[in-house]
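Reviewing the structure listed below.
Just follow the structure's listing: the first ligand is 1, and inside any ligand the first atom is 1. Side chains included, hydrogens not; waters and symmetry mates left out as well; all remaining heavy atoms used.
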Amino acid sequence: MPPTSESDVLIIRNLKKKFGEKTVLNGVSFGVKRGETKVIIGPSGAGKSTLLRCINRLVEPDEGEVIFDGINVLSKDVDIRKIRARIGFVFQHFNLFKHLTALENVKIGPKVVKGLSDDEAEKIAVKALKAVHLEEDAFEKYPAELSGGQQQRVAIARALAMEPDIILFDEPTSALDPQLAGEVLDVMKELAKKKVTMLVVTHEIGFALNAADEVLFFYNGRIWERGEPRELLYNPKREETKAFLRRIADLSL
Ligand SMILES: Nc1ncnc2c1ncn2[C@@H]1O[C@H](COP(=O)(O)OP(=O)(O)OP(=O)(O)O)[C@@H](O)[C@H]1O
Ligand SMILES: [Mg+2]
């Protein structure tokens with residue numbers, strides 16, 4: 001990872017997106033500094049996934065700016081593949097290659113995208129798999145032979161192996177049983193402690209309290225409320241935030 005500094009690695013300014021007549025992002029602005037973990041919460045349909053997808057242009061925003069490490073990502077002459085190679089993405093459904101082992105899934109990025117030798121890629125992959133505490137007997141297994149928690153940890157290792165400037169997570173534990181979710185969240189908490197820069201969509205309030213520098217509450221395509229985790233989660237100011245947090249609390253009882 002690049003050295004920690006106070007500079008914003010990602011700046012989002014006034015981002016807007018419509019699908020047909022429906023406004024999904026309605027002027028979103030925030031920054032993520034190197035070494036920071038930011039958590040996004042908010043109801044279904046609020047635009048959280050769309051926001052993450054705009055950052056690496058899996059979705060093209062209609063208006064606004066995405067500045068990544070000083071580069072204007074939305075400019076026409078940007079080589080988006082180069083940008084994507086520097087931004088990790090971990091999805092709800094692990095998206096591993098089914099015909100490759102855990103180790104091969106993690107090696108393939110450094111080899112194919114970065115052009116490293118097999119030996120170099122293997123060293124990096126082993127280090128990344130150890131960082132997510134994948135059991136060594138699982139290195140040679142195929143995704144179908146791994147638990148959901150192991151698969152998601154491999155997906156995180158795959159992102160780490162590219163030494164990205166930031167990793168985006170879109171509800172990485174919502175498809176997992178609580179115990180398996182716990183092992184993934186523990187890995188993510190460790191990464192936060194190691195100052196890996198992360199932008200995480202999740203409803204895991206415990207993770208937000210433990211690891212986030214700031215929580216953004218999304219509602220109707222906007223940042224409705226934002227703040228230091230304890231403040232926002234225990235003492236929200238706006239009615240919509242209160243109602244959302246009550247609903248989350250009810251679900252976890
Ligand atoms: N490719 C698309 N085409 C049309 N509409 C879309 C597309 N992607 C998302 N939408 C719509 O945009 C809105 C926001 O979707 P998005 O997936 O960003 O919400 P979200 O906050 O991630 O919700 P969830 O918590 O359910 O994942 C939804 O109404 C969704 O149906
Ligand atoms: Mg979503």
Side-chain angles (χ1 to χ4, degrees), residues 10-32 37-66 68 73-74 80 83-84 87-96 148 151-152 155-156 159 166-178 180-181 184-185 188 198-209 211-212 214-227 229 232-233 236 238-252:
L10 181 68
I11 300 168
I12 310 280
R13 280 201 200 107
N14 197 28
L15 208 64
K16 294 190 181 178
K17 177 66 185 178
K18 276 186 178 185
F19 286 115
E21 288 300 294
K22 187 175 165 52
T23 300
V24 175
L25 296 177
N26 197 6
V28 173
S29 304
F30 67 98
V32 182
T37 293
K38 249 173 214 194
V39 162
I40 297 175
I41 60 172
S44 183
K48 307 179 300 293
S49 297
T50 304
L51 167 75
L52 292 191
R53 296 166 69 82
C54 284
I55 293 170
N56 57 10
R57 279 174 64 182
L58 294 171
V59 166
E60 292 287 344
D62 300 327
E63 262 183 66
E65 284 181 302
V66 176
F68 167 71
V73 172
L74 303 180
I80 193 64
I83 303 285
R84 285 181 187 151
I87 300 180
F89 212 136
V90 175
F91 302 88
Q92 179 177 359
H93 296 286
F94 332 120
N95 297 25
L96 298 175
Q151 289 183 60
Q152 192 61 302
I156 295 171
I166 184 168
I167 308 182
L168 314 177
F169 293 82
D170 196 355
E171 303 205 33
T173 58
S174 55
L176 299 173
D177 291 342
L180 300 181
V184 172
L185 291 165
M188 292 171 63
M198 302 194 279
L199 180 58
V200 184
V201 174
T202 184
H203 294 152
E204 298 284 354
I205 298 306
F207 173 78
L209 284 168
E214 189 184 30
V215 178
L216 312 177
F217 172 64
F218 263 59
Y219 187 76
N220 275 351
R222 294 171 190 261
I223 298 177
W224 206 252
E225 187 167 349
R226 61 192 285 179
L232 185 108
L233 297 168
R238 301 187 75 170
E239 278 314 311
E240 295 80 2
T241 322
K242 289 179 190 171
F244 175 76
L245 289 169
R246 267 199 302 272
R247 227 172 326 128
I248 298 264
D250 287 347
L251 287 176
S252 62

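- Salt bridge status for E21 with K18: absent, with no side-chain N to carboxylate O gap under 4.0 Å.
- Closest approach of L52 to V201, counting heavy atoms only: CD1-CG2, 3.7 Å.
- Counting heavy atoms from C-beta on, the side chains of E225 and L232 come closer than 4.5 Å.
- Scanning the protein heavy atoms around atom 17 (O) of ligand 1, the nearest turns out to be S49 CB, 3.6 Å.
- The proximity of V24 to ligand 1, defined as any non-hydrogen pair under 4.0 Å, is limited to the side chain.
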Please walk me through it: do K38 and R226 pass side chain to side chain contact (heavy atoms under 4.5 Å, CB included)?
CA-CA 10 Å; K38 249 173 214 194; R226 61 192 285 179; 4.0 Å; yes
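- The nearest protein heavy atom to atom 7 (C) of ligand 1 is closer than 4.0 Å.
- A heavy-atom distance below 4.5 Å is found between the side chains of I41 and L233.
- Close approach of ligand 1 to E171 is summarised as follows: ligand atoms under 4.0 Å from at least one heavy atom of the residue are 25 (O), 27 (O).
- For the Mg ion (ligand 2), the N/O/S atoms of S49 include one lying under 2.8 Å.
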Go through I223 and F218 one step at a time and tell me if the side chain to side chain contact (heavy atoms under 4.5 Å, CB included) criterion holds.
CA-CA 5 Å; I223 298 177; F218 263 59; 3.7 Å; yes
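- Counting atoms of ligand 1 from 1 in the listed order, those under 4.0 Å from a heavy atom of G45 are 13 (C), 14 (C), 19 (O), 20 (P), 21 (O), 23 (O), 24 (P), 26 (O).
- Below 30°, between 30° and 60°, or above 60°: for F217 and F244 the angle between ring planes is between 30° and 60°, a tilted geometry.
- Residue nearest to atom 28 (C) of ligand 1, selected from H203, K18, K22: K22 (by heavy-atom distance).
- Atom 21 (O) of ligand 1 has K48 NZ, 2.8 Å as its closest protein atom, hydrogens excluded (heavy atom only).
- Look at P43 and you'll find a heavy atom under 4.0 Å from some atom of ligand 1.
- Taking the side chain as every heavy atom from C-beta outward, L15 and C54 approach each other to under 4.5 Å.
- The protein non-hydrogen atom at the shortest distance from atom 26 (O) of ligand 1 is S44 OG, 2.6 Å.
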Please step through side chain to side chain contact (heavy atoms under 4.5 Å, CB included) for the pair T23 and K16, ending with a clear verdict.
CA-CA 8 Å; T23 300; K16 294 190 181 178; over 6 Å; no
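- Taking distance alone, with nitrogen or oxygen atoms compared against 3.5 Å, F19 stays at or beyond that limit from ligand 1.
- For atom 16 (P) of ligand 1, the nearest non-hydrogen atom of the protein is T50 OG1, 3.5 Å.
- Inclusion of G47 in the set of residues having an N or O under 3.5 Å from an N or O of ligand 1 is warranted.
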